[in-house]
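Notes follow the structure.
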Amino acid sequence: MSVTHLDNLDKIVSLSKARGFIFQSSDIYGGLGAVYDYGPLGAELKRNIQQEWWKSMTQLHDNIVGLDAAIFMHPRTWEASGHVEGFNDPMIDDKQSNKRYRADMLIEQHILKLREKGKKDKADEIQHLLDTTGTRKGICEDLYEIIMDEEIRAPESGAFDWTEVRQFNLMFKTHYGATSSGEDDAIYLRPETAQGIFVNYKNVMDTARVQVPFGIAQIGKAFRNEVVARQFVFRMREFEQMEMQYFVEPGTDQDEYEKWLEARLNWHKKMGVRESNLRTSPHPPDKLAHYARAAADIQYKYPIGWQEVEGIHNRTDFDLSRHQEYSGKKMEYYDQQKQERYIPYVIETSVGLDRTTLMILCDAYREEEVDGDTRTVLKMNPKLAPTKIGIFPLIKKDKLQNLAKKIEADLRDEFNVLYDESGSIGKRYRRQDEAGTPFCVTVDFDGVESDGEDTVTIRYRDDMTQDRIPAAKVGDFVRDKMKNWSPED
RNA sequence: GCGGGCGUAGCUCAAUUGGUAGAGCGUCACCCUUCCAAGGUGAAUGUUGCCAGUUCGACUCUGGUCGCCCGCUCCA
């Protein structure tokens, strides 16, 4: 059996659509860019991943609690977080130095220089042009024209090699209130879930009886107007994050950061992703986000290359300090033992649920040669599989159907099962292979005609072998096999 | 955002110089069938991405628009 190497996402996209994992949004209207819907199998898969994450974060840690904050937040939140400032300005890049500047600031500096040189008329003229930007073509175009006409050079490199002026509106804006229309009522769809945690930090501390170090975990949607949103569910405009913010004592932050980076990498391995397809990748200091002291990606080797599936950040006390400043509410923690007051540092683990789902699909995907035919199979961790057990009568005969339906009824409460009696048995197996169903139980004549207890065959997705087991033991058997599953190469 | 390519049934594709759409696979039903998609019979599905124009007539020509792919750019 050969290992399947995927060069791109085509096969995954096709299978996702054909089997009902993932569809493009609003397909019948021609689709909506960079937005996708999860179909019946995808919804189950995604939910299973969520549950595994939630359990590993909350249930397995006595000092991490859950939260479910709203998508809408007070607009001041995004001023405090730095998103409004950073996401809404007309920016221009110097191609020589790759430095980015606010286009309007460049022009103001230019005006200032002119005044210093005594060129008052010229300065006034440009000031007027700047004040009336947006009235000629558009804000970006007008600013660009001034920079071009005045041959304004980059402050640091001295180069005159600009990109166009672009408005960075990463946040989706909408109106709050049914009768609203004006700018006053603008509200944002959150661009990250983290702020929902930070603004509830005090509430949680006051009610959940937690002590530093402690964490708050949350799963939820976030929205970003990406400049370039492509590559299936890898980069979407509406996506789901699974985040945990861990509040620690300053000074212990670097240790905790290292600890969580390793813990999170291990989680991905535990989900059944092959170790050779996972790695961590620290961000170089000059590429860190404004709030971070240290950061690393957990990357997966997608068909489109090594890409970030999760980010671990040391956010320092940036967010809590800013919220303290903007809200006027104390964000300090009082350590009774040490009799110290401080604003905790925050270690963030933030994993993309959609990216994880895509990773699981990619890592599971195989095409194998079986008797000159190609078998497409998703060898994913049984815990994550949308359907756990396919249950079939070998052929449509009452005797076989009755037992198969009885087994189905017995297992349905505990497992996601699927009963199928159409077509040949081989076809039913292969159909379940494509859905990633790890076990198929078939009722045959040997089983029901034997004296004593009924037996069935159980067929394994990964190697297509079978065992004959008592019909009453299917549940026990599956439970055991699920626990002992490990990925193959 | 820029440049290039593409857009016909769920999927892969076909339709002679413009004459109002077909096949295979898949799906569904029935029959057959004692374990790995390949038996038989039958059925459903398309305003040819969308809108407009040229034309007696457009899947086929033109423009716009939406979406997808590749490259560049971007990713605070």
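Protein chains get the first letters and strands the later ones, always in sequence-line order, with residue 1 at the start of each.
Ring centroids of A:Tyr246 and A:Trp260 are separated by less than 6.0 Å, placing the two rings close together.
Residue contacts shown for A:Glu308 are absent, as no nucleic acid heavy atom lies under 4.0 Å away.
Using the six-membered ring where Trp is involved, A:Phe234 and A:Tyr302 have ring planes that are perpendicular, over 60° apart on the 30 and 60° scheme.
Rounded to a whole angstrom, the distance from the P atom of B:rG42 to that of B:rC35 is 28 Å. Comparing B:rA15 with B:rU34, their C1' atoms sit 46 Å apart, to the nearest whole Å. Between B:rG22 and B:rG46, the distance separating the two P atoms is 13 Å to the nearest Å. On the P atoms, B:rG5 is 24 Å away from B:rC74, given to the nearest whole Å. Taking atom P on both nucleotides, B:rC59 is separated from B:rU16 by 13 Å, rounded to a whole Å. Using atom C1' as the reference point in both B:rC56 and B:rA9, the two lie 30 Å apart (nearest Å). The gap from the C1' atom of B:rA52 to that of B:rU47 amounts to 15 Å, rounded to the nearest Å. Comparing B:rG19 with B:rU48, their C1' atoms are spaced 16 Å from each other, to the whole Å.
Residue A:Arg431 places at least one side-chain N or O closer than 4.0 Å to OP1 or OP2 of B:rU27.
Taking 3.5 Å as the limit, the base of B:rA37 and the side chain of A:Glu434 contain a donor-acceptor pair of atoms between them.
A salt bridge between A:Asp444 and A:Arg468 is present, with a side-chain N of the basic residue lying under 4.0 Å from a carboxylate O of the acidic one. Salt bridge present: A:Glu414 and A:Arg479 bring a charged side-chain N and a carboxylate O closer than 4.0 Å. No salt bridge links A:Glu453 with A:Lys473; every basic N to acidic carboxylate O contact stays at or beyond 4.0 Å. In summary, A:Glu408 and A:Arg412 engage in a salt bridge, as defined by a charged side-chain N under 4.0 Å from a carboxylate O. Classification of A:Glu367 and A:Lys11 as a salt-bridged pair holds, one side-chain N sitting under 4.0 Å from a carboxylate O. The existence of a salt bridge linking A:Glu240 and A:Lys46 is confirmed by a sub-4.0 Å separation between a basic side-chain nitrogen and an acidic carboxylate oxygen.
Look at B:rU20: it lacks any Watson-Crick or wobble partner with both distances under 3.5 angstrom. B:rC61 and B:rG53 make up a base pair, with Watson-Crick or G-U wobble contacts both under 3.5 Å. Base pairing annotation: B:rC6 forms a Watson-Crick or G-U wobble pair with B:rG67, both donor-acceptor distances under 3.5 Å. With a 3.5 Å ceiling on both atom-pair distances, B:rU48 lacks any Watson-Crick or G-U wobble partner. Across all strands shown, B:rU33 remains unpaired; no Watson-Crick or G-U wobble contact has both distances below 3.5 Å. Under the Watson-Crick and G-U wobble criteria, each requiring two contacts below 3.5 Å, nucleotide B:rC74 is left unpaired. Pair assignment for B:rC28 gives B:rG42, based on Watson-Crick or G-U wobble hydrogen-bonding distances that are each under 3.5 Å.
The distance from atom CZ of A:Phe234 to atom P of B:rC74 is 18 Å, rounded to the nearest whole Å. Taking atom CZ of A:Arg461 as the reference point, atom P of B:rA37 lies 18 Å away to the nearest angstrom. Atom CD in A:Glu367 sits roughly 22 Å away from atom P in B:rC36 (whole-Å rounding). B:rA37 atom C1' lies 12 Å from atom CE of A:Met464, rounded to whole Å. Distance CD (A:Gln24) to P (B:rG49): 15 Å, rounded to an integer number of Å. A straight line from CD1 of A:Ile12 to P of B:rC69 spans 14 Å, rounded to a whole angstrom. Rounded to whole Å, the distance from CE on A:Met171 to P on B:rC75 is 17 Å. Straight-line distance from the CG atom of A:Asp420 to the P atom of B:rC36: 16 Å, rounded to whole Å.
When distances are taken from the side chain of A:Arg430 to each of B:rC68, B:rA37, B:rC75, the shortest belongs to B:rA37.
Toward the 5' end of RNA chain B, the nearer of the two residues A:Thr465 and A:Ala18, judged by each one's closest nucleotide, is A:Ala18.
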Exercise for the section: Spell out protein contact along nucleotides 30-35 of chain B as letters: B when the base is contacted, S when just the sugar-phosphate is, - when no protein heavy atom is under 4.0 Å; keep the 5' to 3' order. Expected result: ---BBB
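Atom OH in A:Tyr345 sits 14.5 Å away from atom CZ in A:Phe247 (nearest 0.5 Å).
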